[in-house]
Colleague: 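Structure below; questions to follow.
In what follows, chains carry the letters A, B, and so on, assigned in the order in which the sequence lines appear, proteins first and then strands, with residues in each chain numbered from 1.
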Number of protein chains: 2
Amino acid sequence: MGMEATAWPTNLPEDLRAHLPEGLADGVFPAGCPSRTVLDHITSKWGVLILLALSEGEQRWSELRRRAEGISEKMLAQTLKTLERDGLVLRKAQPVIPPRVDYSLTERGYELSGLLVPLVTWAYNNADDILNGQR
Amino acid sequence: MGMEATAWPTNLPEDLRAHLPEGLADGVFPAGCPSRTVLDHITSKWGVLILLALSEGEQRWSELRRRAEGISEKMLAQTLKTLERDGLVLRKAQPVIPPRVDYSLTERGYELSGLLVPLVTWAYNNADDILNGQR
DNA sequence: TAAGGTACTCACCTTTTGGTAAGTTATGGG
DNA sequence: CCCATAACTTACCAAAAGGTGAGTACCTTA
């Protein structure tokens, strides 16, 4: 309400639509499904931002902290651990003092970032329109 | 550790990478940025699932409840309200008893779902590998 | 001797998110 | 008269996410 929201026609030709894989073809994810867990990791508030930052190349802890503006050390550690466990992020610690740790995307993580970047870009480009259109 | 995570080379030719828009070219979202808010809406646990379900066409409240398996009525209402406010979902209520309400994607919502579907598909295809590769 | 740098962990507390169960609406059918 | 129905709302509570500030390790530099 307040904005001219137009409905998208439901009867588009099949080949103009993005396709869901079989098994969730009707949009149903089984509730306990592993993909729900993975989806939660990769769409988490800080997860997206970290993957995004790393899509620009290998970075140190402190650099990631700067890029994911507003993240706490606790959440940075937690998020990196989850992504590392998921095989999306690679941690390389050098045994020097003061410590130096470099984070980068794995091949799988890089593949994922290729899907995340368009999404974030879209959010960035549409954010003002979306939030202004609210009565 | 436990899995053979290989690092992706950092020095790829520029044109093989997905690109971030300027303004977040170095991967920094300003902390209070509107796009953070929008991103939170569209990557929320239930938001993704609802947008996904609606990418298959117009649906009633009760149908959405079934498809987003495990969602409570409270969260369904809340999620739909947010997406409607954001101009991504269109609500059409018919003044009949018992009530009938149909939800569909707006043009903007449809555009978004085109980016979300590949992401969810990726999660679906990779979920088992990811969760099994964890020591 | 003391301070500084880096990458963390931990305990404690607050805030946000989410679930449950009940109530609401108005009408048509038994 | 009373129940069922669809799409909600509300109050209350539990769980999860997240912030804060302190502490740790160890070597280097001043």
Colleague: List the atom of A/Thr79, the atom of A/Trp46, and the distance in Å for their closest heavy-atom pair.
Modeller: OG1-CB, 3.7 Å
Colleague: Can you give me the first and the last nucleotide of DNA chain D (5' to 3') that has an atom within less than 4.0 angstrom of a non-hydrogen atom in chain A?
Modeller: D/dG18 to D/dC27
Colleague: Return yes if some donor-acceptor pair links the side-chain N/O of A/Glu69 with the main-chain N/O of B/Ala31 below 3.5 Å, else return no.
Modeller: yes
Colleague: Between A/Lys81 and A/Glu84, is there a side-chain N and carboxylate O pair less than 4.0 Å apart?
Modeller: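 Answer for the salt bridge query: no.
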Colleague: So, is A/Arg60 near the phosphate of C/dT6, with a side-chain N or O under 4.0 Å from OP1 or OP2?
Modeller: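 No, because none of the side-chain N or O atoms of A/Arg60 sits under 4.0 Å from OP1 or OP2 of C/dT6.
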Colleague: Would you classify B/Arg91 as touching base, sugar-phosphate or nothing, given that sugar-phosphate means primed atoms plus P, OP1 and OP2, and contacts are heavy atoms under 4.0 Å?
Modeller: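 Result for B/Arg91 = sugar-phosphate.
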Colleague: For A/Glu58 and A/Ser104, indicate whether the former's side chain and the latter's backbone hold a donor-acceptor pair under 3.5 Å.
Modeller: no
Colleague: Does B/Arg36 reach the main-chain N or O of B/Phe29 with its side chain, forming a donor-acceptor pair under 3.5 Å?
Modeller: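 At least one qualifying donor-acceptor pair exists.
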Colleague: State whether the side chain of A/Thr106 and the backbone N or O of A/Gly87 hold a donor-acceptor pair below 3.5 Å, judged by distance alone.
Modeller: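 Looks like yes, one N/O pair under 3.5 Å.
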Colleague: Do the side chain of B/Gln59 and the main chain of B/Gly57 share a donor and acceptor less than 3.5 angstrom apart?
Modeller: yes
Colleague: If the sugar-phosphate is the primed atoms plus P, OP1 and OP2 and the base is the rest, what is the B/S/- string for nucleotides 11-30 of chain C, using protein heavy atoms under 4.0 Å?
Modeller: B------BBB-----BS---
Colleague: From CG of A/Asp102 over to P of C/dC8, roughly how many Å is that when rounded to an integer?
Modeller: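 So the CG-P distance, A/Asp102 to C/dC8, works out to 10 Å.
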Colleague: Quick one: are B/Ser55 and B/Val117 in side-chain contact, heavy atoms under 4.5 Å?
Modeller: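 Side-chain contact under 4.5 Å: yes.
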